[in-house]
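Beneath this line is the structure, given in structure tokens, with notes to follow.
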Amino acid sequence: MSRYKWRDLLDINSKTKAYCSPLSCIAHIDINAFFAQVEQIRRNFSVDDPVVCVQWNSIIAVSYAARKYGITRMDSVFDAFKKCQNLVPVHTAVFRKGEDFWQYRDDCGSWYTEEEKMLTPEKNKVSLDPYRRESRKVIKIFHEWCDLVEKGSVDEVYMDLGRIVFSDLLFSDEFDDFVSIRDQFKNGQYDLDDYLPPLPRNLTISFKDGEDYNPDKNPVFQDWDDILFCLGAMTTDKIRQKIKDVLGYTTSCGVARTKTTAKLGSNFKKPDAQTVIRNSNVADYLDNESFELTSFWSMGGIIGKELSLLLELPSEKPLRHIRESWPVSSDDLTAFIKEKTQQKTTDNERFYSLPAESLQQLSDKVFQLARGDYRTTLNPRPMIRSMMSNKNLRGDSCRHYQDCLAWLEVFSGELIGRIKELEQEYERIFVPKTLTISTRTPGFQRHSRSSGIATGGRIKAKDLMELGTKLVKELDAKYGSTKDYYPLTNINMVISNFEILESGRTIIDMFGKQAQVVRKSGDDFLEVTDERLQPDESGTKRVLRCEPCKLDFDEETAFKEHSDFHYAMKLSESLNGVNEDSKNLSYGERKLLFSGLKRNNSGPKQSDNKKRQITGRNGDIYKYFNK
DNA sequence: TACTCACAG
DNA sequence: GGCTGTGAGTA
């Protein structure tokens with residue numbers, strides 16, 4: 001006889017109830033060393049190349065190949081080189097001060113001078129757009145499988161596998177193991193409060209080697225929760241395989257009853273592995289792998305540390321100590337915390353001030369965390385509230401009004417790019433109604449100015465620029481002459497109060513008239529065919545003209561590069577994620593596409609700025625001037 | 001609503 | 001350690 005009831009099983013078929021069921025099945029997946037993997041694939045390095053992702057002189061992500069040399073995120077690039085001669089540092093994309101588009105500088109050729117190529121924080125702002133974009137592609141794959149996905153951050157998600165494992169158990173043709181319970185279910189021979197039948201004999205499904213955390217080698221299938229976890233793990237395995245095949249990223253995954261334990265599980269084996277923490281093994285997992293209260297998500301900071309002190313947790317198996325000291329309910333734990341906090345000391349002042357209500361919540365949480373049974377819902381990402389583009393300034397990179405304007409260009413470009421991506425993701429139009437500019441002085445004083453945005457329809461970079469300029473002017477007029485204003489130490493632009501409109505037009509409508517992608521047989525390259533991009537035969541001299549850009553090209557290679565640029569723009573603009581074309585491409589082909597993305601979709605705008613065409617040896621064609 | 005703080009990655 | 005993002009609490 002099972003410990004679980006039919007009600008528990010049926011609950012996991014409900015998005016709203018599943019997380020509460022004792023049979024809940026939650027997965028956490030994170031992409032290993034995400035930024036480093038993005039750069040490794042973009043630049044066509046192998047998984048064995050010790051790639052690190054770099055921002056200025058700091059390392060912000062370390063590939064697993066680089067970790068073998070003992071390189072960590074704390075190392076500077078310089079230190080890392082000392083540990084590994086063959087280090088492959090790849091800098092993030094950047095916005096250049098005064099430009100409203102980001103680009104990777106690693107492969108962009110010679111149109112910048114050496115001085116300009118230097119990636120310094122004084123003249124550049126890091127762009128994380130490439131990672132957000134890749135993240136979206138990954139998350140889209142999760143959504144193809146799972147009806148309830150929570151984006152934890154740019155590189156991790158939670159999935160409620162309830163409906164998947166429910167239907168695997170009761171309906172899937174793939175498994176013959178469950179005929180008995182299926183018959184019972186189909187014929188309605190059960191009551192919600194009946195216990196589930198005993199497990200079938202001779203099960204054919206099984207965990208993959210090592211994915212079931214099972215140090216004591218207990219019988220693997222003791223009850224239906226074990227079966228469901230196994231089915232869940234089979235699904236996450238397929239999802240992760242798909243991500244690897246289509247996008248190239250390796251991931252780590254944990255499957256367990258709650259979000260927090262699933263997250264601890266995904267961290268257990270890295271990279272490219274998954275771990276199931278079955279309910280019968282949770283306590284052992286928490287104790288044997290030396291987890292502490294502070295190991296849980298949201299407990300990593302001051303609260304967790306002070307709580308640990310307050311509860312006088314031993315360093316050895318602190319979570320077992322919690323379970324054994326407060327075995328019955330959280331009430332005793334609450335009482336203990338109350339008593340402790342009333343002995344006011346400097347250490348626990350913060351708890352002293354906690355209202356009784358949140359104290360009860362906190363102790364419930366601790367009680368459940370220690371048992372691997374702290375249940376929280378999976379929250380789909382709420383609609384956007386605001387969007388900020390921010391720059392911390394050092395030295396004198398913003399010493400007057402004109403410098404502010406140069407950074408405004410960057411902010412406008414970044415925010416417009418992000419709005420565009422949002423619009424594609426949600427198939428809506430996002431119109432911000434408020435714009436705020438804030439500055440911070442060398443004395444860390446903050447000043448800000450806001451204004452309503454009155455645009456008819458979609459907002460443009462120009463709109464942000466104009467309004468932003470007005471606000472920067474106001475700030476400059478009021479504070480600019482005071483002694484302690486310039487050079488600014490921070491400036492940022494925030495757009496908020498979004499109006500979200502239905503977009504009647506689909507992506508295809510917006511881009512359908514433009515370039516079509518065709519594959520030339522026997523050629524690995526993808527080319528753009530568009531009447532406006534066709535070469536113009538005139539007399540002896542062949543002029544290659546790009547009509548939308550009003551640019552002529554003498555050399556075919558330059559023109560081809562330019563076409564590729566359009567293609568890359570089209571690709572990145574029209575595709576929110578994995579498109580139908582790239583789905584069917586091989587890994588190598590997909591990488592080829594990716595490596596074509598040298599700059600972002602904003603690009604220099606013909607109408608907004610003067611620019612001069614120069615011939616870059618590597619085919620890059622723009623030099624961009626402000627005045 | 002604006003601002004700060006805590007926490008995470 | 002630099003940077004970005006979120007949610008909760010507060011005035």
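All chains are named by letter (A, B, ...) in the order of the sequence lines, taking the proteins before the strands, and each is independently numbered beginning at 1. The figures that follow rest on heavy atoms only: side chains count, while hydrogens, waters and symmetry mates do not.
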Using distance only, find each side-chain donor-acceptor pair of residues 81-90 of chain A under 3.5 Å and give its atom names and separation, not counting sequence neighbours.
{"from": "K83(A)", "atom 1": "NZ", "to": "G70(A)", "atom 2": "O", "distance (Å)": "3.0"}
{"from": "K83(A)", "atom 1": "NZ", "to": "D75(A)", "atom 2": "OD1", "distance (Å)": "3.3"}
{"from": "K83(A)", "atom 1": "NZ", "to": "D75(A)", "atom 2": "OD2", "distance (Å)": "3.0"}

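E211(A) is linked by a salt bridge (Lys or Arg N to Asp or Glu O under 4.0 Å) to nothing, counting only residues two or more places apart in sequence or in another chain. Residues satisfying the side-chain contact (heavy atoms from CB on, under 4.5 Å) test with E466(A), not counting sequence neighbours, are K462(A). R399(A) pairs by the side-chain contact (heavy atoms from CB on, under 4.5 Å) definition with D396(A), D403(A), P487(A), not counting sequence neighbours. With sequence neighbours left out, the ring-ring contact (aromatic ring centres under 6.0 Å, His included) criterion links W145(A) to no other residue. Annotation: side-chain contact (heavy atoms from CB on, under 4.5 Å) contacts of V410(A) (sequence neighbours excluded): F95(A), K125(A), W407(A). Contacts of Y19(A) classified as ring-ring contact (aromatic ring centres under 6.0 Å, His included), with partners at least two apart in sequence or in another chain: none. Every ring-ring contact (aromatic ring centres under 6.0 Å, His included) that F291(A) has, sequence neighbours left out, goes to Y285(A). Residues forming a side-chain contact (heavy atoms from CB on, under 4.5 Å) with S363(A) (at least two apart in sequence, or on another chain): S330(A), L333(A), T334(A), I337(A), Q360(A).
Of the possible polar contacts, one joining the Q40(A) side chain to the F45(A) backbone as a donor-acceptor pair under 3.5 Å is found.
Nucleic acid contact for M74(A): base, since at least one base atom lies under 4.0 Å from a heavy atom of the residue.
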Pairwise N/O distances under 3.5 Å, protein to nucleotides 4-7 of chain C:
{"from": "dT4(C)", "atom 1": "OP1", "to": "K125(A)", "atom 2": "NZ", "distance (Å)": "2.6"}
{"from": "dT4(C)", "atom 1": "OP1", "to": "N390(A)", "atom 2": "O", "distance (Å)": "3.3"}
{"from": "dT4(C)", "atom 1": "OP2", "to": "N390(A)", "atom 2": "ND2", "distance (Å)": "3.1"}
{"from": "dG5(C)", "atom 1": "OP1", "to": "R132(A)", "atom 2": "NH2", "distance (Å)": "2.9"}
{"from": "dG5(C)", "atom 1": "OP1", "to": "R418(A)", "atom 2": "NH1", "distance (Å)": "2.8"}
{"from": "dG5(C)", "atom 1": "OP1", "to": "R418(A)", "atom 2": "NH2", "distance (Å)": "3.3"}
{"from": "dG5(C)", "atom 1": "OP2", "to": "M388(A)", "atom 2": "O", "distance (Å)": "3.4"}

If you restrict it to nitrogen or oxygen atoms, what contacts under 3.5 Å exist between nucleotides 8-11 of chain C and the protein, and what is each distance?
none

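Comparing dC3(C), dT4(B), dG9(B) by their closest approach to the side chain of R394(A) singles out dC3(C). Considering only the side chain of I60(A), dG2(C) comes nearest among dC7(B), dG2(C), dG9(B). With dG2(C), dC3(B), dA6(B) as the choices, the nucleotide that has an atom nearest any side-chain atom of I302(A) turns out to be dA6(B). Candidate nucleotides dA6(B), dA8(B), dG1(C) were compared by shortest atom distance to the side chain of W297(A), and dA8(B) ranks first. The nucleotide whose nearest atom lies closest to any side-chain atom of S58(A) is, among dA6(B), dG9(B), dG1(C), dG1(C).
F498(A) places its CZ atom 14 Å from the P atom of dT1(B), with the value rounded to the nearest Å. Here dT1(B) presents its P atom at 16 Å from CG of L435(A), a figure rounded to the nearest Å. Going from atom CG of N497(A) over to atom P of dA2(B) covers 8 Å, rounded to whole Å. The distance from atom CG of D30(A) to atom P of dG9(B) is 9 Å, rounded to the nearest whole Å.
Phosphate contact (OP1/OP2 of dG9(B), side-chain N/O of K151(A), threshold under 4.0 Å): absent. Not one side-chain nitrogen or oxygen of R449(A) sits closer than 4.0 Å to the OP1 or OP2 atom of dA2(B).
Listed by residue number, the members of residues 49-57 of chain A with any heavy atom below 4.0 angstrom from DNA chain C are Q55(A), W56(A).
Classification of E134(A) and K137(A) as a salt-bridged pair holds, one side-chain N sitting under 4.0 Å from a carboxylate O.
For the ring pair (Phe, Tyr, Trp, His ring centres under 6.0 Å) criterion with H91(A), the lone passing option out of W56(A), W102(A), Y104(A) is W56(A).
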